[in-house]
Amino acid sequence: MNCVVGLLGLLVLVPSAQAQKVSVDFDKHADFSRVHRYQWRTHPAFEKHPELKEQYAVAIQLVLQAGNTELMKKGLRPSDGPPDVFITFFLTAEDDQKERTITEFAPGGWYGWYGPPTWTHTEIDYYKTGMLVLDIVDAATSELLWRAYCSDTIRDMHHRDKNVNSVMRKALNRFPPKHKQ
């Protein structure tokens, strides 16, 4: 419950996001050198609200594919037996729009006291703001080891796979974390 409330709280911040952003937090005492095998798990929010799982079915598949690709590049493998870590994620997207008014001046000079004639029109850009929270949990202790918060603006739904691939690459490039002594 707290996890879902926390994730929903993050949604308040997402609409202001205009570009892809990734931030990572991790357990500074965790031994990431022992992580070699992983297994995907369904996020509890999707288990409690199956309609969300259905609504985001395509996005879920894109995250799983991009995640597998990036994790395998790092030498991690899907587990046939007991995994070292479970990986879970929650995602959401909301419709958004931005209005802008454009003023155009007529070519030519000034017309008396009034200046050049002008025309204005309003353009509306429609897009989605998306959020992804990716968690890596110790399979033995169920403790959260690593979390990435990702947000992005999706302007073309036909090419959303590029957005997902890019954000997963940015997030998982920071796994395992570099420990600073």
Side-chain angles (χ1 to χ4, degrees), residues 1-28 30 32 35 37-72 74 76-79 82-97 126-177:
M1 177 65 177
N2 289 339
C3 184
V4 173
V5 172
L7 291 174
L8 294 176
L10 284 174
L11 292 177
V12 174
L13 302 174
V14 173
S16 64
Q18 292 300 315
Q20 204 170 62
K21 295 179 184 176
V22 175
S23 62
V24 170
D25 195 15
F26 61 94
D27 180 350
K28 313 254 186 299
F32 291 96
V35 176
R37 296 169 299 156
Y38 67 92
Q39 185 178 73
W40 290 100
R41 286 281 170 103
T42 302
H43 193 277
F46 289 134
E47 289 175 352
K48 289 181 183 178
H49 302 282
E51 69 278 6
L52 291 176
K53 191 172 180 179
E54 185 177 316
Q55 178 181 350
Y56 297 116
V58 172
I60 290 169
Q61 287 306 309
L62 291 172
V63 169
L64 291 171
Q65 289 170 355
N68 284 331
T69 298
E70 295 303 319
L71 290 165
M72 286 187 212
K74 295 189 158 296
L76 278 76
R77 297 287 174 243
S79 179
D84 300 319
V85 294
F86 293 119
I87 304 175
T88 188
F89 63 92
F90 180 79
L91 57 89
T92 187
E94 293 184 355
D95 292 325
D96 213 341
Q97 66 185 32
Y126 296 97
Y127 56 93
K128 289 193 180 285
T129 51
M131 187 247 339
L132 168 72
V133 178
L134 181 66
D135 290 339
I136 297 180
V137 177
D138 187 309
T141 65
S142 297
E143 291 184 19
L144 181 64
L145 299 177
W146 184 90
R147 173 175 280 168
Y149 301 93
C150 312
S151 64
D152 197 6
T153 301
I154 304 167
R155 298 201 181 278
D156 182 356
M157 289 301 287
H158 292 102
H159 299 289
R160 65 184 174 257
D161 59 314
K162 293 177 184 173
N163 295 76
V164 171
N165 291 342
S166 176
V167 80
M168 290 297 286
R169 185 173 32 261
K170 286 179 182 179
L172 292 171
N173 273 344
R174 296 168 68 182
F175 182 84

Asks: Could you please spell out the steps behind the side-chain contact (heavy atoms from CB on, under 4.5 Å) verdict for W146 and V24?
Replies: CA-CA 7 Å; W146 184 90; V24 170; 3.1 Å; yes
Asks: Nearest 0.5 Å, what's the NZ-OG1 distance between K128 and T92?
Replies: 9.0 Å
Asks: Which distance, rounded to the nearest 0.5 Å, do you find between the CZ of F86 and the CZ of R37?
Replies: 11.0 Å
Asks: Quick one: does Q39's side chain get under 4.5 Å of R41's, heavy atoms only?
Replies: yes
Asks: Might you work through the side-chain contact (heavy atoms from CB on, under 4.5 Å) test for L172 and L134, ending with a clear yes or no?
Replies: CA-CA 9 Å; L172 292 171; L134 181 66; 3.9 Å; yes
Asks: Kindly compute the distance separating CD1 (I60) from CD (Q55), expressed to the nearest 0.5 Å.
Replies: 9.5 Å
Asks: With side chains defined as the heavy atoms from C-beta onward, is the minimum distance between V133 and L91 less than 4.5 Å?
Replies: no
Asks: Would the distance check show the side chain of T69 and the main-chain N or O of Q65 forming a donor-acceptor pair, the cut-off being under 3.5 Å?
Replies: yes
Asks: Could you tell me whether a side-chain N or O of R174 sits under 3.5 Å from a main-chain N or O of V22, the two making a donor and an acceptor?
Replies: yes
Asks: For the residue pair G67 and M168, what are the closest heavy atoms and their distance?
Replies: CA-CE, 3.5 Å
Asks: Check the side chains of Y38 and N68 for a donor-acceptor pair under 3.5 angstrom, ignoring hydrogens and angles.
Replies: yes
Asks: If you take all heavy atoms of A171 and C150, which pair is closest and at what distance?
Replies: CB-SG, 4.0 Å
Asks: So, taking the atom named CG in L71 and the one named CG in L64, what distance separates them when rounded to the nearest 0.5 Å?
Replies: 10.5 Å
Asks: Would you please indicate yes or no on a ring centroid separation below 6.0 angstrom for F90 and H43?
Replies: yes
Asks: Taking the six-membered ring where the residue is Trp, are the ring centres of F32 and F175 under 6.0 Å apart?
Replies: yes
Asks: Kindly compute the distance separating CG (D25) from OH (Y149), expressed to the nearest 0.5 Å.
Replies: 6.0 Å
Asks: If we ignore hydrogens and angles and just use 3.5 Å, is the side chain of Q20 paired with the main-chain N or O of N163 as donor and acceptor?
Replies: yes
Asks: Could you give me the CA-CA distance, side-chain angles and deciding distance for D27 and L144, then say whether side-chain contact (heavy atoms from CB on, under 4.5 Å) is met?
Replies: CA-CA 7 Å; D27 180 350; L144 181 64; over 6 Å; no
Asks: Could you give me the CA-CA distance, side-chain angles and deciding distance for D135 and I87, then say whether side-chain contact (heavy atoms from CB on, under 4.5 Å) is met?
Replies: CA-CA 6 Å; D135 290 339; I87 304 175; over 6 Å; no
Asks: Does the Lys NZ or Arg CZ of K53 fall within the cation-pi geometry relative to Y56 - under 6.0 Å from the ring centre and within 45° of the axis?
Replies: no
Asks: How long is the straight-line distance from NZ of K162 back to CD1 of I154, given to the nearest 0.5 Å?
Replies: 13.5 Å
Asks: Can you confirm whether L132 sits close enough to V63 that some side-chain heavy atom of one is under 4.5 Å from a side-chain heavy atom of the other?
Replies: yes
Asks: Using a 3.5 Å distance criterion without hydrogens, assess whether the side chain of D138 forms a donor-acceptor pair with backbone atoms of A140.
Replies: yes
Asks: Counting N and O atoms only, with roles assigned by atom type, does the side chain of S151 sit under 3.5 Å from a partner on the main chain of M131, one being a donor and the other an acceptor?
Replies: no
Asks: Of all heavy-atom pairs between Y126 and Q97, which one has the smallest distance, and what is that distance?
Replies: CE2-OE1, 3.1 Å
